[in-house]
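Every chain is numbered from 1, with letters handed out A, B, ... down the list of sequences.
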Number of protein chains: 2
Amino acid sequence: MTRFKLDHFLPYQIAVLSSRVSDGFARHYRDTYGISVSEWRVVAHLSQSDSVSVREIHKRVDMDKPKVSRAASRLETAGYVTKTVNPADRRLVELKLTGKGREMIEALSPIADAYQAKLEALLSDPEEFRRQIAQLSNELVSQPRVDD
Amino acid sequence: MTRFKLDHFLPYQIAVLSSRVSDGFARHYRDTYGISVSEWRVVAHLSQSDSVSVREIHKRVDMDKPKVSRAASRLETAGYVTKTVNPADRRLVELKLTGKGREMIEALSPIADAYQAKLEALLSDPEEFRRQIAQLSNELVSQPRVDD
DNA sequence: GGCAGATTGTTTTAAACGAAACGAAAGACC
DNA sequence: GGTCTTTCGTTTCGTTTAAAACAATCTGCC
């Protein structure tokens with residue numbers, strides 16, 4: 001019986017925290033719009049930058065290529081997003097929010113902000129916490145894989 | 001083009017951090033012992049408490065029942081764990097580390113500690129960070145599902 | 001004892017996943 | 001132009017997942 005305390009292990013604690021924090025908001029968009037976390041991320045990113053390629057999202061949003069591709073396809077069939085081949089470079093697929101997609105993000109955006117405010121209200125020093133997260137995260141950027 | 005900044009969204013930041021932090025150590029036990037995160041969690045918990053039921057792990061380790069059950073089965077076929085029906089209550093399955101399993105956790109445990117130390121060295125105030133995580137996590141304990 | 005309800009662990013099902021392979025298109029080089 | 005390499009997005013393959021259904025066992029109560 002070796003003594004290793006999982007509940008004091010930082011990666012475990014962060015993983016548990018992450019899934020709880022995520023669930024609190026994921027519930028909203030899952031129940032209301034039927035989208036998943038991956039899809040939420042794509043839409044959220046699309047709300048910042050009008051028209052974006054799959055590749056761009058893959059790089060900016062911490063998801064691998066197939067995951068972005070699939071999320072985009074689901075969002076397209078659900079009518080939240082359009083996919084068009086970029087005529088200048090026909091390898092690229094441009095993703096764009098539809099009216100329905102824009103409505104969704106416009107409804108979700110204030111809820112997300114409120115949720116974030118609620119989270120920060122639970123912390124004694126939100127700014128410091130945020131700083132620590134950013135610092136750790138930056139130190140741990142994984143080496144780019146061989147493929148991409 | 002609604003303005004919502006995903007990279008400033010706390011749940012997203014934490015999720016990214018979590019996967020990076022987790023990967024740093026998961027790499028070790030995946031490459032060396034061929035086990036996954038779920039399996040690591042089960043073994044790690046078993047190292048604390050000699051013989052434990054699936055249910056116990058499910059409750060203590062933030063994994064749902066099927067996930068624990070499958071992780072346990074994989075660990076059993078890999079020879080790290082034995083499963084025995086509890087004679088006092090034959091619904092219960094007692095999980096126990098084999099010699100091989102104990103060797104594994106004994107090899108991994110110091111690596112885990114070292115990794116944790118490395119993480120904490122990256123933080124200006126590790127104790128404060130830990131405290132904030134615990135606080136947030138506790139506030140967000142999700143309601144128990146209807147089933148279990 | 002016997003039977004309704006609760007509990008435990010596994011299995012079923014449909015969906016999602018990661019890794020690798022793939023085809024199509026673009027770029028580099030001669 | 002032609003060929004080789006790189007890039008981009010999708011698809012394939014096998015595995016894992018969550019949610020629900022399931023069988024087996026136990027408990028409480030008559």
Side-chain angles (χ1 to χ4, degrees), chain A residues 15 19-20 22-23 26-27 30-31 34-42 45 51-78 81-96 142-148, chain B residues 15 19-20 22-23 26-27 30-31 34-42 45 51-78 81-96 142-148:
Chain A
S19 85
R20 287 183 187 167
S22 173
D23 271 20
R27 193 168 311 219
R30 178 168 41 77
D31 294 352
I35 65 171
S36 70
V37 178
S38 318
E39 285 144 44
W40 153 253
R41 283 194 191 173
V42 171
H45 185 75
S51 168
V52 175
S53 70
V54 170
R55 164 160 214 281
E56 175 76 8
I57 295 186
H58 152 58
K59 288 206 160 177
R60 300 279 313 276
V61 126
D62 198 56
M63 289 166 60
D64 55 16
K65 286 188 300 175
K67 206 168 175 180
V68 175
S69 173
R70 281 168 175 139
S73 296
R74 289 191 292 263
L75 286 169
E76 188 190 27
T77 50
V81 150
T82 56
K83 296 182 7 182
T84 25
V85 172
N86 183 331
D89 183 341
R90 310 197 40 261
R91 293 171 304 180
L92 301 181
V93 172
E94 297 297 332
L95 304 178
K96 210 173 150 113
S142 50
Q143 310 302 343
R145 296 217 121 262
V146 187
D147 166 44
D148 195 342
Chain B
S19 85
R20 288 184 187 168
S22 173
D23 272 19
R27 193 167 311 215
R30 176 168 41 77
D31 294 352
I35 64 171
S36 69
V37 177
S38 319
E39 285 145 41
W40 153 253
R41 284 195 190 174
V42 170
H45 186 74
S51 167
V52 175
S53 70
V54 170
R55 167 162 211 277
E56 176 76 7
I57 295 186
H58 152 57
K59 287 204 161 178
R60 299 279 312 277
V61 126
D62 199 57
M63 290 165 59
D64 54 17
K65 287 189 298 176
K67 206 169 175 180
V68 175
S69 173
R70 281 174 174 127
S73 297
R74 289 191 292 260
L75 286 169
E76 189 191 26
T77 51
V81 150
T82 57
K83 295 182 9 183
T84 25
V85 172
N86 183 331
D89 182 342
R90 312 199 38 261
R91 292 170 305 181
L92 301 181
V93 172
E94 298 296 332
L95 303 178
K96 210 174 151 110
S142 51
Q143 310 301 341
R145 297 218 119 260
V146 186
D147 166 43
D148 195 345

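For Arg90(A), counting side-chain heavy atoms from C-beta on, the closest listed nucleotide (dA25(C), dC17(C), dT17(D)) is dA25(C). With dT6(D), dA16(C), dT10(D) as the choices, the nucleotide that has an atom nearest any side-chain atom of Pro66(A) turns out to be dT10(D). Counting only heavy atoms from C-beta on, Arg91(B) has its side chain closest to dA24(D) among dC17(C), dT11(C), dA24(D). Checking dT11(C), dA26(C), dG18(C) against every side-chain atom of Asp89(A), the shortest atom distance belongs to dA26(C). Relative to the side chain of Arg55(A), the nucleotides dT16(D), dT7(D), dG9(C) differ in distance, and dT7(D) lies closest. Here the nucleotide nearest the side chain of Val93(A), chosen from dT10(D), dA18(D), dC13(D), is dT10(D).
Rounded to whole Å, the distance from NZ on Lys65(A) to C1' on dT6(D) is 11 Å. The separation between Asn86(B) atom CG and dT7(C) atom P is 18 Å, rounded to whole Å. Residue Lys67(A) contributes atom NZ, which lies 18 Å from atom P of dA15(C) at whole-angstrom precision. Taking atom CZ on Arg27(A) and atom C1' on dA18(D), their separation rounds to 15 Å, with Å as the unit. Atom CG in Asp64(A) sits about 15 Å away from atom P in dT11(D), given to the nearest Å. One interatomic measurement links the two molecules: CZ of Arg70(A) to C1' of dT10(D), which rounds to 9 Å at whole-angstrom precision. Following rounding to the nearest Å, Lys59(B) (NZ) and dT8(C) (C1') show an atom-to-atom distance of 11 Å. In this structure, the CD1 atom of Ile57(A) is 15 Å from the C1' atom of dT10(D), given to the nearest Å.
Remark: Ser69(A) is not in phosphate contact with dG9(D), judged by side-chain N or O atoms under 4.0 Å from OP1 or OP2. Note on Lys83(A): a side-chain N or O is less than 4.0 Å away from OP1 or OP2 of dT10(D). Regarding contacts with the backbone of dG9(C), every side-chain N or O of Ser73(B) stays at 4.0 angstrom or more from both OP1 and OP2.
Under 3.5 Å, the side chains of Glu94(A) and Ser53(A) contain no donor-acceptor pair of N or O atoms. A side-chain N or O of Glu39(B) and one of Ser36(B) form a donor-acceptor pair less than 3.5 Å apart.
In this structure a side-chain-to-backbone donor-acceptor pair under 3.5 Å is missing from His45(B) to Ile57(B).
Contacts of Ser38(A) with the nucleic acid, taken as non-hydrogen atoms under 4.0 Å apart, involve only primed sugar atoms and P, OP1 or OP2. Within the nucleic acid shown, Ser53(A) comes within 4.0 Å of sugar-phosphate atoms alone, with no base atom in reach, counting heavy atoms only.
None of Arg70(A), His58(A), Arg41(A) except one satisfies the side chain to side chain contact (heavy atoms under 4.5 Å, CB included) rule with Met63(A); the exception is Arg41(A).
Scanning all heavy atoms of the two residues, the minimum distance from Ser19(A) to Asp62(B) falls at OG-OD2, 3.7 Å.
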